[in-house]
Chemist: 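What follows is a structure written as structure tokens; I'll ask about it next.
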Number of protein chains: 2
Amino acid sequence: MDELDTAIVRELQRDARQTNRELARTLGIAPSTCLERVRGLRNRGVITGYRATVDLRSLGRPVQALLAVRIRPLSREVIEGFKAYLVTMDEVLSVYVVAGGDDFLVHVAVGDVDRLHAFLMDRLSGRKEVVDFRSSIIYQHVASDVITELD
Amino acid sequence: MDELDTAIVRELQRDARQTNRELARTLGIAPSTCLERVRGLRNRGVITGYRATVDLRSLGRPVQALLAVRIRPLSREVIEGFKAYLVTMDEVLSVYVVAGGDDFLVHVAVGDVDRLHAFLMDRLSGRKEVVDFRSSIIYQHVASDVITELD
DNA sequence: TTTGAAAGTTAGACAAT
DNA sequence: ATTGTCTAACTTTCAAA
């Protein structure tokens with residue numbers, strides 16, 4: 001991860017579909033060099049993929065919530081099982097397994113509040129391992145699109 | 001958003017760097033048609049961008065946490081100001097403005113626990129509007145890479 | 001809207017440095 | 001590791017259906 005790698009990672013986070021030539025020109029290196037670098041970053045697992053980002057509203061899912069869930073018993077099996085269950089559901093965008101008061105934080109997006117309620121009642125509260133949960137409506141969500149090394 | 005648009009959005013979330021020809025072949029349409037569709041989705045704001053995803057560990061940021069922050073007063077100005085402050089900091093990956101007990105949930109990634117502590121003490125607890133916060137270490141974070149319409 | 005064909009551009013491989 | 005060159009593949013435009 002020298003300066004060049006850092007710049008490539010930054011640029012491809014900004015726009016993953018720019019051409020290799022364009023990227024090379026930005027960095028002031030030959031396209032073939034650039035291609036080699038990008039391949040290296042991909043192979044070393046620094047770059048893990050290339051994804052289109054979408055507008056949840058356009059997909060008919062304007063209502064987002066964060067669910068703080070407590071489960072018991074706190075065994076590896078139960079945690080993995082519940083996590084696996086969560087990620088199978090289309091409503092779920094993101095699952096955080098956390099320390100502290102809560103065990104899971106689950107980011108969901110649905111069509112409306114009724115569907116959120118239905119999700120909580122029909123898919124969550126019925127689970128044996130779920131002993132408690134709170135749901136918080138998300139008013140705004142901002143994600144930084146370029147992640148860099150620190151310092 | 002007909003069936004074709006849905007498929008394009010799905011495919012480009014899976015792999016944003018596949019060629020237009022490849023995508024067209026998958027969908028069974030002509031490349032020129034495919035290009036037109038993709039442009040449409042981009043212009044209509046359904047697809048908001050194309051981003052490389054990165055491995056936080058490779059960027060030297062293996063320690064993640066979720067910070068639940070309460071701020072006062074809860075005015076639009078203070079909320080926007082605090083949010084703007086958060087997103088300027090490289091440690092911050094994501095900011096959720098939420099209803100309920102907490103006002104903000106902040107996803108951060110840093111190099112080690114010392115730096116997490118330093119962040120909390122030096123950048124967060126000093127702020128006038130922050131009346132309380134809890135930090136939870138994230139053991140695991142799984143994000144679904146393909147977001148679809150529901151039902 | 002969708003398409004095929006044409007023209008211009010790019011990706012990817014490779015030998016040389 | 002980086003580069004220029006080469007060929008095959010690709011993108012993009014546009015006239016026609």
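Source: prediction; values computed, not measured. Just so we're on the same page: letters track the sequence lines, and every chain starts at 1.
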Chemist: Describe the nucleic acid contact of A:Thr33 in one word from base, sugar-phosphate, nothing, applying a heavy-atom distance below 4.0 Å.
Modeler: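 If one applies the 4.0 Å heavy-atom cut-off, A:Thr33 turns out to touch a base.
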Chemist: Do B:Val63 and B:Ile137 have side-chain heavy atoms sitting under 4.5 Å apart?
Modeler: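 B:Val63 vs B:Ile137: side chains touch.
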Chemist: Heavy-atom nearest nucleotide on DNA chain C for A:Gln18 versus B:Arg37: which residue maps closer to 5'?
Modeler: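 Closer to the 5' end of DNA chain C: B:Arg37.
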Chemist: Provide the start and end nucleotides, 5' to 3', of the part of DNA chain D that has atoms under 4.0 Å from heavy atoms of chain B.
Modeler: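 In short, chain B contacts DNA chain D from D:dC10 to D:dT13.
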Chemist: Kindly indicate whether the side chain of A:Arg17, heavy atoms from C-beta on, has any atom under 4.5 Å from the side chain of A:Asp15.
Modeler: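 Yes. Closest side-chain heavy atoms under 4.5 Å.
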Chemist: If you pin B:Arg39 and A:Leu4 to their nearest nucleotides in DNA chain D, which one's is more 5'?
Modeler: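 Upstream on the strand: A:Leu4.
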Chemist: Using a heavy-atom cut-off of 4.0 Å across all strands, would you classify A:Thr19 as base, sugar-phosphate, or nothing?
Modeler: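 It contacts sugar-phosphate atoms only.
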Chemist: Between B:Glu129 and B:Ile79, does a side-chain contact (heavy atoms from CB on, under 4.5 Å) hold up when you go through it step by step?
Modeler: CA-CA 9 Å; B:Glu129 66 269 53; B:Ile79 290 173; over 6 Å; no
Chemist: Measure the CG-CG distance between A:Leu67 and A:Leu124 for me, rounded to the nearest 0.5 Å.
Modeler: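 With rounding to 0.5 Å, CG (A:Leu67) is 6.0 Å from CG (A:Leu124).
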Chemist: Go through it in stages, so that I can follow the logic: the residues are B:Arg61 and B:Asp90, the test is salt bridge (charged side-chain N to carboxylate O under 4.0 Å, His left out), and I'd like the CA-CA distance, side-chain angles, deciding distance and then a yes or no.
Modeler: CA-CA 11 Å; B:Arg61 301 172 62 174; B:Asp90 289 340; over 6 Å; no
Chemist: Test the B:Arg127-B:Tyr85 pair against the cation-pi criterion, namely NZ or CZ under 6.0 angstrom from the six-membered ring centroid and within 45° of the ring axis.
Modeler: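 Yes, B:Arg127 sits over the ring of B:Tyr85.
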Chemist: How many angstroms lie between atom CZ of B:Arg21 and atom CG of B:Leu35, to the nearest 0.5 angstrom?
Modeler: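 Separation between the atoms: 11.5 Å.
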Chemist: Please work out whether the ring planes of B:His141 and A:Tyr96 are parallel, tilted or perpendicular, with thresholds of 30° and 60°.
Modeler: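 Aromatic pair B:His141/A:Tyr96 classed parallel.
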Chemist: So where does chain A start and stop touching DNA chain C, 5' to 3', when the test is distance under 4.0 Å to a non-hydrogen atom?
Modeler: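 The contact span of chain A on DNA chain C goes from C:dT10 to C:dA13.
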